[in-house]
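Right, one structure below, let's go through it.
Below, all heavy atoms of this structure are taken into account, side chains as well, without hydrogens, waters or symmetry copies. By convention in this document, chain letters (A, B, ...) are assigned in the order of the sequence lines, proteins followed by strands, and residues within each chain are numbered from 1.
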Protein chains: 2
Amino acid sequence: MPSIRRAETFPANTPAASQIFTTVLCHGPLTRLEAARRAGLSPAAVTKAVRPLIEAGYLVEDVDEPARPALGRPANPVRVDGGRALFIGVKVTGDEIIGVLTDLCCRIRVARHAPLPHRAPKAVLASVAELVGELLATAGDADVPVLGLGIAVSGDVDRGEGVVRYSPFLEWRDVPLAELAAQTTGLPVTVDNDVRALTVAEQWFGAGVGLSDFAVVTVGAGIGCGLVVHGRVVAGAHGVAGEIGHVTVDPAGPPCHCGNRGCVEAIAGDAAIRRRIRETTGVEVADTAQAVALAHDGAAGAREAYARAGEAIGRGIATVANLLGPERVIISGEGLAAHDLFAEQIRDAFAAAAFGSAAQCDVQTRPLPFEEWARGAAATAIQSFIRADDQR
Amino acid sequence: MPSIRRAETFPANTPAASQIFTTVLCHGPLTRLEAARRAGLSPAAVTKAVRPLIEAGYLVEDVDEPARPALGRPANPVRVDGGRALFIGVKVTGDEIIGVLTDLCCRIRVARHAPLPHRAPKAVLASVAELVGELLATAGDADVPVLGLGIAVSGDVDRGEGVVRYSPFLEWRDVPLAELAAQTTGLPVTVDNDVRALTVAEQWFGAGVGLSDFAVVTVGAGIGCGLVVHGRVVAGAHGVAGEIGHVTVDPAGPPCHCGNRGCVEAIAGDAAIRRRIRETTGVEVADTAQAVALAHDGAAGAREAYARAGEAIGRGIATVANLLGPERVIISGEGLAAHDLFAEQIRDAFAAAAFGSAAQCDVQTRPLPFEEWARGAAATAIQSFIRADDQR
DNA sequence: AGCCCTTATTTTCCGCCGTCAATAAAAGAA
DNA sequence: TTCTTTTATTGACGGCGGAAAATAAGGGCT
């Protein structure tokens, strides 16, 4: 039973204000001068924008003076007070839901997960509501308000409308999830595709901070990709983008559930790796952990399966780099647990297939904890709260 | 000997003004109300922005009333007066240069081409200057000023700086072409990558008008791709993007000059098609026209070579569509002369390899005359003249 | 201690852009 | 004619952000 809470709104009316807030949020404590420089505004504008934000408690002046530059008036940096507001992010997978409670800086306070008994919208909604309730309870003691809920779902999601157009995993079509969840929880709700949500988190709080063009590649059951171009997350004209998983790497490769052969996912997806191990070693591997263990034990077939996967991923990334010329590619996802088994192949395949200066692209691997997906959802909620229609 | 001409500048100081001008330029005659709606501004703003533009002669009120809607005050559409200013676009290839004189609406008035005897920057500059001189002469009679020169070069070009970073074709490195050409011709010069220039032309004056996400794929000696995402042409963090030609289609395919195997270009580039025909039919084809003729005569090997090419292109386009989810893909380039030989294969391969809603992407073929590349260069000059830092 | 120098921040003032609301204009309809 | 309807224009207004000047806050020097 959600309390009818008066939604607090962010006190930044002008574009400059939200831009400055975002700048400070992403780039840590910043002096007003520095913030002005980064946002391309005058120092005066920063002073004016910052004051109401400090009064509302969203920004605070940093008290501890760091290394002072010796000369001139000491700078007085401001930073976002993460403790000013809380947000909840929920990631819905096929068989469980993961939720996190984060602060305004998207630092995780509490993480919970719960099984998902049924996949029908109603049942999922109930599970989400319960998990959100639990998280709200942990937040309830303090007088810090929870100001938004983000939900990440795989598939075709229209964030603007808050509708899940099509999710193969959940077998949903045109579910107005944002509206439903808002009614159930009483919170402002943002719904987005899971990979895009993770990309938002990287863009604002991770390895993509400050970059206007980068890609996030997720490795796990599926292979996904989130793209940031011109400082904005790419959504695609038809709601879907970044389908790196179904980029063909080898037309003579193994069949993929999408109907083609040799997709990245058909070689480097969890299931594909397990099947390959079974084919080459005869060992029936039940889950990914077992497959990794087998490879770590030195089983040649298992190692080869991971090597192939790494090569496929590297080629896929090279394709992205060739087409978009991003500044950086961040490889992440549960699959990175096996990181040491294919990192080298990824690098080699990328270097070989990247054309010209695309090879300058910085390819990073970034193992991520399981709550990271939910954190991505929280990041979208924070983004919606700040309502920064501006880029960067 | 360039006359010292006082560079006329565009009388649109405010962002709104240039945005409105661009809207009218791209969308033909528009009533003020309609222009306001499209640009997201108030009608009052349009009236104010339009007046100085009419006074300066860039806009005119359309005299001929079209189908009137019967009721209310008749609308008074405005359109861009193409004859108000002229621009020159030059495309530099390895062995010739092509130049066009266009009006402000990028309609071609005169097209010329000239052989390129030497590839050294100095020699190219001289050739360009001569061609520009010829075009200026044809324009000279009238009192219509030529307000800009665009130069399109293949390779890594930094448009902002006006520098050709690296052009393998011309064997140039870090040539400050814009500055040099400006000195030689006395015109404001814009230098850009050739495929990007063509993309700009499509975005403003072609099949990309009004779309915020689309791709242009060029088929010819090489296979190129220009991308528009979020309403802006993608340049890539390292100056290069859209390298669809070196996307791998078949790792077991023919070797490519880039060092890999089975790149789109290694299968569907002009040279690759000719080689394939030679291999399968034994006939030594000297040029593309001959290859096309052979295929049209029904030679099975030649037809097969084109079919393979079509399949490779279709797969490449599907890769773009899967990654970016564009609204439309425009296939163009000299290679489209053989359009009937592989259009079907492109379509089929695209449909097979496009994943999910990426298949909704509208794939168009658009045969383009040889001067089109130069027209793209002119489009960049027009764009620079209007100095629209805004998108769309 | 007082003064100067440097750098950060704030204040004040100002221009200018775009919206709002009212008004004019140009038909056809009554 | 007069009203209605739709488009264009005008003028007042508010607000945003910039420029420049003033102020603040040290530290070093004499």
Side-chain angles (χ1 to χ4, degrees), chain A residues 10-24 27-55 59-79 387-390 392, chain B residues 10-24 27-55 59-79 387-390 392:
Chain A
F10 189 62
N13 315 317
T14 100
S18 70
Q19 199 193 342
I20 288 166
F21 184 81
T22 309
T23 305
V24 174
H27 295 88
L30 241 44
T31 71
R32 291 166 172 78
L33 215 57
E34 183 63 15
R37 210 183 49 71
R38 298 219 192 195
L41 296 167
S42 70
V46 176
T47 293
K48 280 182 266 196
V50 157
R51 191 175 1 250
L53 290 170
I54 288 184
E55 275 166 14
L59 292 178
V60 290
E61 305 211 311
D62 232 0
V63 278
D64 52 307
E65 325 251 325
R68 58 182 57 159
L71 212 56
R73 171 177 175 173
N76 201 357
V78 291
R79 62 177 174 80
R387 176 160 301 306
D389 300 288
D390 51 277
R392 296 214 59 204
Chain B
F10 189 63
N13 314 317
T14 101
S18 70
Q19 199 193 342
I20 288 167
F21 184 80
T22 311
T23 305
V24 175
H27 294 89
L30 240 45
T31 71
R32 290 165 172 80
L33 215 58
E34 184 62 17
R37 210 183 48 73
R38 298 218 191 195
L41 295 167
S42 70
V46 176
T47 293
K48 279 184 245 190
V50 157
R51 192 180 356 257
L53 290 170
I54 287 184
E55 275 166 13
L59 292 180
V60 290
E61 305 211 311
D62 232 3
V63 278
D64 52 307
E65 325 252 326
R68 58 182 58 161
L71 208 58
R73 172 176 173 172
N76 200 357
V78 291
R79 62 180 174 78
R387 175 159 305 302
D389 300 286
D390 51 277
R392 297 220 51 209

Given protein heavy atoms under 4.0 Å, the one-letter contact record of nucleotides 20-25 of chain D, with B base, S sugar-phosphate only and - none, is simply ----BB
Closest non-hydrogen atom pair, A/Val24 against A/Val78: CG1-O, 3.7 Å
Whole angstroms only, please: what is the [atom1]-[atom2] distance between [X] and [N]?
X	N	atom1	atom2	value
A/Leu71	C/dC4	CG	P	16 Å
A/Glu55	C/dT10	CD	P	12 Å
B/Ile20	C/dG18	CD1	P	8 Å
B/Leu41	D/dA8	CG	P	15 Å
A/Glu34	C/dT7	CD	P	15 Å
B/Arg37	D/dT6	CZ	P	16 Å

Between the base of D/dG15 and the side chain of A/Lys48, is there any donor-acceptor pair under 3.5 Å? no
By the 4.0 Å heavy-atom rule, please label A/Thr14 as base, sugar-phosphate, or nothing. sugar-phosphate
From D/dG17, D/dA8, C/dT6, pick the nucleotide closest to the side chain of A/Ala45? D/dG17
Of D/dT9, C/dT10, D/dG18, the nucleotide closest to the side chain of A/Arg32 is C/dT10
State plainly whether the residues A/Glu55 and A/Arg51 are in salt-bridge range, i.e. N to O under 4.0 Å. no
Working note: A/Arg38 + A/Gln19, criterion side chain to side chain contact (heavy atoms under 4.5 Å, CB included); need CA distance, chi angles, decisive distance, verdict. CA-CA 10 Å; A/Arg38 298 219 192 195; A/Gln19 199 193 342; over 6 Å; no
Assign each of B/Leu33 and B/Arg51 the nucleotide of DNA chain D bearing its closest heavy atom; nearer the 5' end lies the nucleotide of B/Leu33
